[in-house]
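Remarks on the structure that follows.
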Amino acid sequence: PLQVPALGLHVRGPAMLASQKDFNNAVSQVKLLKEDPGNEVKLKLYALYKQATEGPCNVPKPGMLDFINKTKWDAWNALGSLSKEAARQNYVDLVSRLSASSESPSPEAPAADRKQPESDSLVVTSEDGITTIRLNRPAKKNALTTQMYHDIIAALQAASKDESAITVLTGSGDYYCSGNDLTNFTHLPAGGLEEMARSAAALLRDFVNCFIDFPKPLVAVVNGPAVGISVTILGLFDVVYATDRASFHTPFSHLGQSPEGCSSYTFPKIMGSSKAAEMLLFGKKLTAQEACAQGLVTEVFPDGTFQKEVWARLKAYSKLPPNAMRISKQIIRNREKEKLHAVNAEESSVLRERWQSDECMNAIASFLSRKAKL
Ligand SMILES: CCCCCCCCCCC/C=C/C(=O)SCCNC(=O)CCNC(=O)[C@H](O)C(C)(C)COP(=O)(O)OP(=O)(O)OC[C@H]1O[C@@H](n2cnc3c(N)ncnc32)[C@H](O)[C@@H]1OP(=O)(O)O
């Protein structure tokens, strides 16, 4: 089947297309879903519904500050000339997957407690004693959606209990991760900006807590440039391997924001206060070699041999006695845990205020209107 890239959906041949009755049933089924499928999926459903009922997007683009309607318009418009029939089929397929996953757990779950991620944007695999959590939104440089934060939390919780010795976080495509998806802040809930900031701070805190508490060796395989929160949490990993194509960028001041991921504590500790300040206050972007010289990265590999060398090394490490590695990590981490939790709480609470500031809103609007890029 062909792919509609923006939404990762499939176009089928005419013989397999769903009828109008199937479509109407799917529309009714959506209202009966037991779990909220998350904003990204709801956006896909919206776009497919519009395409299936009205055809290609035919209304004017909303203004850049009309975040919600612009995001909906973008999703519909991204379907291009997809036929009404194919959109109808994709809608029916999506609803049937959502209904199945909300009704029964997958019989093929690879580990007892593993719940597969809600969307294709995160891929979790276990092999050779290594659980790999792969960010999989290459078209968006692996920017983290709200759903992905939830899925990463679930994946880490499952990995902490599975049979693997080592857990790896990496990315698909040319980027490791472009940080928080800035459109996360455009879906204003009923309680407005204040409620959005409250729930974002709670999610951030839970997310970072999972990294602080993760009990096994945690390795970042940084396959390309890294931005924002994907950089700051590196201070909570045990080992960081990077391709020489990677860069490390924390543009918080540019975005009217402040550091998170415990970086206000881990970065000065790792690289000294003035190097940390240059990154966290002034947004200085480091090359892979610079990040390695400053202790944020363990080792840099030539891009051409990066995957081969890193995975060979990780496979060898994964054969070491797992309990010994776990216990050694605990001794190192236990000394810091209380402090890290306190730092995380403070950073999340400061960001809650920042997200309600004009500085932050203007920076996000600028990015979304394509005026600003890092
Ligand atoms: C209510 C609940 C909310 C919950 C939210 C939880 C909150 C936790 C938040 C924790 C705080 C985190 C802070 C950060 O991470 S700050 C860093 C944020 N990231 C950025 O500012 C990066 C923005 N992106 C860019 O500047 C460029 O895209 C980049 C330099 C990364 C790449 O440039 P390039 O020219 O190579 O590629 P494109 O710009 O064309 O990008 C391709 C497409 O990807 C989209 N994209 C990229 N990054 C992001 C992003 N961070 N958010 C959203 N979209 C992103 C880009 O728009 C392109 O899309 P289109 O092809 O559709 O145009």
Side-chain angles (χ1 to χ4, degrees), residues 4-8 36 38-40 43 64 67-68 70-71 73-75 77-80 121 135 137-153 171-211 224-234 245-264 279-280 283 285 344 347-352 354-356 360 363-374:
V4 179
L7 296 176
D36 183 330
N39 282 336
E40 195 173 2
L43 203 55
M64 74 162 177
F67 290 136
I68 296 177
K70 189 180 158 301
T71 307
W73 186 93
D74 283 340
N77 192 46
L79 292 179
S121 303
L135 310 175
R137 280 184 92 205
K140 298 283 181 185
K141 310 291 180 194
N142 296 326
L144 298 170
T145 60
T146 306
Q147 185 62 51
M148 286 165 80
Y149 288 104
H150 287 292
D151 285 341
I152 293 169
I153 292 174
S172 297
D174 63 339
Y175 255 67
Y176 174 64
C177 174
S178 62
N180 185 45
D181 188 310
L182 294 172
T183 66
N184 285 339
F185 293 123
T186 59
H187 314 291
L188 276 192
L193 189 56
E194 204 177 327
E195 173 53 23
M196 188 217 66
R198 189 206 58 75
S199 71
L203 177 57
L204 171 65
R205 193 170 164 185
D206 289 348
F207 178 76
V208 175
N209 276 341
C210 278
F211 286 86
V227 183
I229 189 163
S230 71
V231 177
T232 55
I233 50 165
L234 291 177
R245 244 184 357 89
S247 54
F248 298 83
H249 196 185
T250 48
F252 300 124
S253 299
H254 299 71
L255 293 168
Q257 298 186 35
S258 52
E260 79 304 273
C262 292
S263 59
S264 61
M279 277 190 88
L280 297 177
K285 194 201 284 192
N344 182 26
E347 289 177 347
S348 303
S349 135
V350 171
L351 266 171
R352 180 174 168 179
R354 282 279 87 211
W355 287 326
Q356 297 175 67
C360 179
I364 292 171
S366 250
F367 173 75
L368 296 176
S369 66
R370 299 291 180 269
K371 273 196 249 147
K373 207 180 259 196
L374 298 174

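Start at 1 and go down the list; that is how both ligands and their atoms are numbered. Note: hydrogens, waters and symmetry copies are ignored here, and every other heavy atom, side chains too, is used.
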Quick one: does Ser178 get an N or O within less than 3.5 Å of an N or O on ligand 1? yes
Atoms of ligand 1 less than 4.0 Å from Tyr175 heavy atoms? 29 (C), 30 (C), 31 (C), 32 (C)
Kindly write out the residues that satisfy ring-ring contact (aromatic ring centres under 6.0 Å, His included) with Phe211, not counting sequence neighbours, or none if the list is empty. Phe207, Phe237
Going by the order shown, which atoms of ligand 1 are within less than 4.0 Å of some heavy atom of Trp355? 9 (C)
Tell me which part of Ala143 gets within contact of ligand 1: side chain, backbone, both or neither, using heavy atoms under 4.0 Å. side chain
Holding to side chain to side chain donor-acceptor pair (under 3.5 Å), I want the full list of residues that pass it with Ser247, two or more places apart in sequence or in another chain. none
Report the part of Asp74 in contact with ligand 1, treating N, CA, C, O as backbone and CB onward as side chain, heavy atoms under 4.0 Å; options are side chain, backbone, both, neither. neither
Taking 4.0 Å as the limit for heavy-atom contacts, which would you say applies to Ala139 with ligand 1: side chain only, backbone only, both, or neither? backbone
Between the main-chain N or O of Leu203 and the side-chain N or O of Asp206, is there a donor-acceptor pair closer than 3.5 Å? no
In ligand 1, which numbered atoms sit nearer than 4.0 Å to a non-hydrogen atom of Thr146? 3 (C), 4 (C)
Flag Leu182 as yes when one of its N or O atoms lies below 3.5 Å from any N or O atom of ligand 1, and as no otherwise. yes
Ligand 1 contact on Phe207 by region, counting heavy-atom pairs under 4.0 Å: neither
Ligand-side contact atoms (ligand 1) for residue partner Met196, heavy atom cut-off under 4.0 Å: 1 (C)
Is it the case that Asn184 and Tyr149 place a side-chain donor and acceptor less than 3.5 Å from each other? no
Are there over 12 heavy-atom neighbours, none belonging to Glu195, within less than 6.0 Å of that residue's CD? yes
Location of contacts on His187 toward ligand 1, heavy atoms closer than 4.0 Å: neither
